[in-house]
K.L.:
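The structure under discussion is supplied below as structure tokens; questions concerning it will follow.
Per chain, numbering begins at 1; letters A, B, ... match sequence-line order.
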Amino acid sequence: MQKIDQQNMTAQKVRVRFAPSPTGPLHIGGVRTALFNYLFAKKHGGDFILRIEDTDSTRFVEGAEEYINESLEWLGLTVDEGVKQGGEFGPYRQSERREIYKKYADQLVETGWAYYAFDTPEELDKLRTDAEAEKKTFAYDMHSRLQLKNSLALSDDEVKQRIEAGEPWVIRFKMPEDTIVETKDLVRGEVKFNTNTLDDKVLYKSADKLPTYHLANIVDDHLMEISHVIRGEEWLPSVPLHIMLYRALNWEETMPQFAHLPLILKPTGKGKLSKRDGDKGGFPVFPLDWEMEDGIAPGYRESGYFPEAVNNLLALLGWNPGTEQELFDIDELISLFSIERVNKSGARFDPEKAKWFNQQHLMRKPVEELALMFSDDLNERGIAEDIAVIEKVTGMVRERVNFVHELWDQSFFFFEAPVEYDEKVVKKRWKGDVPAFMAELAPELEKVNEWVADDIKACISSKIEEKGLGFGLVMNAFRLALVGGGFGPDLMEIAEVIGKEETIARIKKACETIGS
RNA sequence: GGUCCCUUCGUCUAGUGGUUAGGACGCAAGGUUUUCAUCCUUGAAACAGGAGUUCGAUUCUCCUAGGGACUGCCA
């Protein structure tokens with residue numbers, strides 16, 4: 001048996017790539033792959049390259065590439081080289097690199113590592129279904145290739161004839177026999193494969209003059225001088241093919257190192273996280289909103305998540321620094337990240353913890369910044385308030401919310417009088433001597449000269465003392481009048497912000513409305 | 001079916017050949033508070049199972065079970 005070891009890289013510049021297909025919105029798992037690539041690159045002073053893998057002409061989706069760009073921009077994962085940014089190794093869109101792949105596909109045929117195959121998709125389909133009927137699996141491999149229509153089984157003349165006649169063909173890799181392929185995966189350690197269990201993958205198709213993923217990937221990673229391939233675990237089974245391709249192309253010396261990331265799984269049940277889980281559980285699985293015929297798939301951005309929070313929560317899905325720290329900004333992630341600390345096992349996505357991350361990052365943000373965002377929300381509601389007031393309000397209620405868009409529900413009473421009163425609270429708090437007291441309190445508050453929290457409190461306190469009522473009792477009723485319910489920040493602060501007139505008006509209105 | 005990967009509280013995870021197996025989310029109780037939320041304290045909660053190695057295994061090895069990925073002229 002021959003043994004092929006993955007070569008150790010000589011010290012070279014770290015260059016990693018994120019290589020999505022523009023077949024739809026970027027999935028959150030893809031986003032994490034991008035993030036880990038980015039963190040690894042920046043940690044080692046390297047480059048983060050974005051390559052668009054659009055070799056499947058039938059699955060191309062309009063707008064998907066722009067979606068990818070926008071997602072990475074939103075998250076702050078700055079691309080060093082790519083379609084938009086340019087670079088010395090372009091083009092960065094595989095559909096624009098056709099001639100390059102053709103050359104290497106031809107080379108593989110010439111050197112005997114690959115061959116032409118003329119079997120039609122229909123014929124192969126039939127072989128597969130027939131085999132299935134007998135509880136077997138059809139594979140285009142060392143056992144079957146000589147019985148099929150390809151340049152290994154057909155005469156040279158016939159092959160030539162078929163090609164010249166314009167018959168469609170593909171080039172398949174001729175997987176060698178009895179070879180143990182070993183790789184030292186950066187997260188999984190040593191993994192071995194026997195080539196006898198592998199099939200002859202299609203590398204290139206004449207129909208659209210494009211390579212398949214495997215060839216394009218190897219050629220581009222080599223030509224773009226990629227040092228580390230960090231991708232999802234679903235690629236682990238194709239590692240031996242890839243290593244054999246590097247060998248066949250004589251590029252083993254500079255072959256990148258591999259790291260296969262664990263998958264992100266459903267919150268409950270079996271399988272990996274899908275769009276359906278998001279719909280069911282009410283959380284996004286995409287970074288940005290994505291419009292489809294049957295509605296929009298919600299994105300983290302539009303759902304109110306901060307990019308910092310998304311990076312943070314994604315980073316901790318399958319990685320941790322080994323300390324008890326859980327909250328990080330992107331620079332901390334970069335300095336702390338290490339590929340060796342990436343876990344092997346898949347991680348279930350926890351929507352509750354995702355919210356918690358956002359809340360934590362919300363608390364870390366300056367109030368001014370939150371107030372600005374809240375101000376936009378208020379504008380949309382037709383409320384134009386002084387930014388100083390918005391800042392004050394934001395500061396008072398922000399610890400009660402997970403998202404900026406929840407600020408309104410916790411603070412609407414600062415901007416408009418409550419239109420209804422929570423019945424449960426009315427029943428519990430608006431009873432006994434309290435309504436009468438509230439009616440008497442209004443004129444008393446008129447006498448407060450300087451409308452500030454301390455003086456308002458002093459006024460109310462003395463009145464309470466005079467009547468011999470419980471402070472809590474009165475405050476709850478007062479809260480009901482100002483807020484309409486049993487929640488909210490310090491009452492005196494609320495009263496101060498909404499002003500004397502408004503405070504008194506709300507007390508009077510409560511006395512009238514609730515009483516009747 | 002075949003190949004490969006994985007397995008610590010419900011979830012994300014730390015950790016070691018000898019630990020009261022640690023933290024976080026969530027949950028529960030108590031405290032603080034004029035309410036709610038925050039905050040604080042406390043609690044319940046895990047080494048998948050079985051062999052083997054060993055004085056001793058959660059930790060090392062093997063097996064089983066369970067989970068996952070791949071098995072396309074998709075990536």
K.L.:
Determine, for nucleotides 63-75 of chain B in 5'-to-3' order, which nucleotides have protein heavy atoms under 4.0 Å from the base (write B), from only the sugar-phosphate (write S), or from neither (write -).
P.N.:
----SSSSSSBBB
K.L.:
Inspect the contact between Glu466(A) and Lys463(A) and indicate whether a charged nitrogen and a carboxylate oxygen are less than 4.0 angstrom apart.
P.N.:
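Salt bridge: yes.
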K.L.:
With the threshold set at 4.0 Å, does a side-chain nitrogen-carboxylate oxygen contact exist between Asp433(A) and Lys467(A)?
P.N.:
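No, Asp433(A) and Lys467(A) are not salt-bridged.
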K.L.:
I need the CZ-P distance between Phe403(A) and A37(B), as an integer number of Å.
P.N.:
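After rounding, the reported distance stands at 18 Å.
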K.L.:
Whole-Å distance between U3(B) P and Met142(A) CE?
P.N.:
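To the nearest whole Å, that distance equals 14 Å.
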K.L.:
Measure the acute angle between the ring planes of Phe413(A) and Phe487(A), then classify it against the limits of 30° and 60° as parallel, tilted or perpendicular.
P.N.:
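Judged by the thresholds at 30° and 60°, the geometry between Phe413(A) and Phe487(A) is perpendicular.
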K.L.:
Using atom P of each nucleotide, how far apart are G15(B) and G50(B) to the nearest Å?
P.N.:
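Result for the P pair: 25 Å, nearest Å.
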K.L.:
Would one find a side-chain N or O of Asn343(A) under 4.0 angstrom from OP1 or OP2 of U13(B)?
P.N.:
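Checking U13(B) against Asn343(A), a side-chain N or O does come within under 4.0 Å of OP1 or OP2.
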K.L.:
At 4.0 Å (heavy atoms only), tell me whether Phe193(A) reaches a base, stays on the sugar-phosphate, or touches nothing.
P.N.:
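Answer is sugar-phosphate: Phe193(A) comes under 4.0 Å of backbone atoms only.
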K.L.:
In whole Å, measure the gap between the P atoms of A57(B) and A24(B) for me.
P.N.:
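It works out to 31 Å between them.
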K.L.:
Classify Pro489(A) by what it touches in the nucleic acid, base, sugar-phosphate, or nothing, heavy-atom distance under 4.0 Å.
P.N.:
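Contact class for Pro489(A): base.
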K.L.:
Starting from P on C12(B), measure out to CD on Glu326(A) and report it in whole angstrom.
P.N.:
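After rounding, the reported distance stands at 13 Å.
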K.L.:
Quiz question: by atom type and distance under 3.5 Å, do the side chains of Glu326(A) and Gln360(A) form a donor-acceptor pair?
P.N.:
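Their side chains do not contain a donor-acceptor pair, so the 3.5 Å distance test is not met.
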K.L.:
May I ask you to say what Lys135(A) touches in the nucleic acid, namely base, sugar-phosphate or nothing, with a heavy-atom cut-off under 4.0 Å?
P.N.:
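No contact.
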K.L.:
Would you say Lys174(A) has more than 12 foreign heavy atoms packed within less than 6.0 Å of its NZ?
P.N.:
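Open: at most 12 neighbouring heavy atoms sit under 6.0 Å from NZ of Lys174(A).
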K.L.:
How far, in whole Å, is G31(B) from U13(B) if one measures between their C1' atoms?
P.N.:
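After rounding to an integer number of Å, I get 30 Å for this pair.
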K.L.:
Report the distance from atom CG of Asn358(A) to atom P of U38(B), rounded to the nearest whole Å.
P.N.:
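The answer, rounded to whole Å, is 16 Å.
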K.L.:
Going by purine N1 to pyrimidine N3 plus the second Watson-Crick contact, or the G-U wobble pair, all under 3.5 Å, which nucleotide sits opposite U20(B)?
P.N.:
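Paired with no nucleotide.
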K.L.:
Mind checking the P distance from A51(B) to G56(B)? Whole angstroms is fine.
P.N.:
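The answer is 14 Å between these two P atoms.
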K.L.:
Paired with U7(B): which nucleotide, if any, by Watson-Crick or G-U wobble criteria at under 3.5 Å for both distances?
P.N.:
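Base partner found: A65(B).
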K.L.:
Pairs under 3.5 angstrom, nitrogen or oxygen only, protein versus nucleotides 43-47 of chain B, please.
P.N.:
none

K.L.:
Check whether Thr55(A) reaches the backbone of Leu210(A) with its side chain - one donor and one acceptor, N or O, closer than 3.5 Å.
P.N.:
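Not confirmed, Thr55(A) side chain does not pair with Leu210(A) backbone.
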K.L.:
Between Trp319(A) and Val401(A), just flag the one whose closest nucleotide in RNA chain B comes earlier from the 5' side.
P.N.:
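With Trp319(A) and Val401(A) compared, the 5'-side residue is Trp319(A).
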K.L.:
Taking G23(B) as the reference, what is the distance to U32(B) when you measure between their P atoms (whole Å, please)?
P.N.:
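Roughly 25 Å separates the two P atoms.
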K.L.:
Does C70(B) pair with anything, Watson-Crick or G-U wobble, both distances under 3.5 Å, and if so, with which nucleotide?
P.N.:
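Result: G2(B).
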K.L.:
How about Arg17(A) and Asn37(A): does a side-chain donor come under 3.5 Å of a side-chain acceptor?
P.N.:
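Arg17(A) vs Asn37(A): no donor-acceptor pair found between side chains.
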K.L.:
Any non-hydrogen side-chain atom of Phe286(A) less than 4.5 Å from a side-chain atom of Tyr67(A)?
P.N.:
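Of all side-chain heavy-atom pairs linking Tyr67(A) with Phe286(A), at least one is under 4.5 Å.
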K.L.:
Between G17(B) and U41(B), how many Å separate the two P atoms, rounded to a whole number?
P.N.:
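Taking atom P in both G17(B) and U41(B), they lie 31 Å apart.
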K.L.:
Determine the interatomic distance between P on U16(B) and the same-named atom on U8(B); round to the nearest Å.
P.N.:
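It works out to 16 Å between them.
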K.L.:
Would you kindly give the CH2-to-C1' distance between Trp356(A) and A37(B), to the nearest whole Å?
P.N.:
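It works out to 17 Å between those atoms.
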K.L.:
Ignoring backbone atoms, test whether Asn320(A) places a side-chain nitrogen or oxygen under 4.0 Å from the OP1 or OP2 oxygen of U13(B).
P.N.:
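No, Asn320(A) has no side-chain N/O under 4.0 Å of OP1/OP2 on U13(B).
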K.L.:
What's Arg231(A) touching, base or sugar-phosphate or nothing? Going by heavy atoms closer than 4.0 Å.
P.N.:
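Nothing, no nucleic acid heavy atom in range.
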K.L.:
Taking the side chain of Phe487(A) as heavy atoms from C-beta outward, which of C6(B), G26(B), U35(B) is closest to it?
P.N.:
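Ranking C6(B), G26(B), U35(B) by closest atom to the Phe487(A) side chain puts U35(B) first.
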K.L.:
Between the side chains of Tyr213(A) and Asp56(A), does any donor sit under 3.5 Å from an acceptor?
P.N.:
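No, Asp56(A) and Tyr213(A) have no side-chain donor paired with an acceptor closer than 3.5 Å.
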K.L.:
Checking base pairs now: Watson-Crick or wobble, both atom distances under 3.5 Å. What partners G30(B)?
P.N.:
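Pair assignment: G30(B) / C40(B).
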K.L.:
Heavy atoms only, 4.0 Å cut-off, all strands: where does Arg188(A) land among base, sugar-phosphate and nothing?
P.N.:
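Since only primed, P, OP1 and OP2 atoms lie under 4.0 Å of Arg188(A), the category is sugar-phosphate.
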K.L.:
Indicate every side-chain donor-acceptor pair of residues 259-269 of chain A with a distance under 3.5 Å to a residue at least two apart or in another chain.
P.N.:
{"from": "His260(A)", "atom 1": "ND1", "to": "Asp185(A)", "atom 2": "OD2", "distance (Å)": "2.6"}
{"from": "His260(A)", "atom 1": "NE2", "to": "Arg231(A)", "atom 2": "NH1", "distance (Å)": "3.0"}
{"from": "Lys266(A)", "atom 1": "NZ", "to": "Asp277(A)", "atom 2": "OD1", "distance (Å)": "3.2"}
{"from": "Lys266(A)", "atom 1": "NZ", "to": "Asp277(A)", "atom 2": "OD2", "distance (Å)": "3.0"}

K.L.:
Between Glu182(A) (CD) and C4(B) (P), how many Å, whole number?
P.N.:
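These atoms are roughly 13 Å apart.
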K.L.:
Across all strands shown, which nucleotide pairs with A57(B) by Watson-Crick or G-U wobble geometry, both distances under 3.5 Å?
P.N.:
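Across all strands, not a single nucleotide pairs with A57(B).
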K.L.:
Round to a whole Å and report the spacing from CD1 of Ile243(A) to C1' of C4(B).
P.N.:
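Computing the Ile243(A):CD1 to C4(B):C1' distance gives 13 Å.
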K.L.:
Provide, to the nearest angstrom, the distance between the CD atom belonging to Glu352(A) and the C1' atom belonging to U13(B).
P.N.:
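Atom CD in Glu352(A) sits about 18 Å away from atom C1' in U13(B).
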K.L.:
Given the C1' atoms of A44(B) and C4(B), what is the spacing between them in whole Å?
P.N.:
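39 Å, rounded to whole Å.
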K.L.:
Leu198(A) or Arg479(A): which one's nearest nucleotide on RNA chain B is closer to the 5' end?
P.N.:
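Result: Leu198(A).
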K.L.:
So which nucleotide from U38(B), C12(B), G22(B) ends up closest to the side chain of Glu324(A)?
P.N.:
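Selected nucleotide (nearest to the side chain): G22(B).
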K.L.:
Do Glu496(A) and Lys392(A) meet the salt-bridge criterion of a basic N to acidic O distance under 4.0 Å?
P.N.:
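A salt bridge links Lys392(A) with Glu496(A).
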K.L.:
Please work out if Gly318(A) contacts a base, only the sugar-phosphate, or nothing of the nucleic acid, heavy-atom cut-off 4.0 Å.
P.N.:
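Counting heavy atoms under 4.0 Å across all strands, the contact made by Gly318(A) is with sugar-phosphate only.
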K.L.:
Got a salt bridge between Asp350(A) and Lys353(A), using NZ or NE/NH1/NH2 to carboxylate O under 4.0 Å?
P.N.:
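Answer for the salt bridge query: no.
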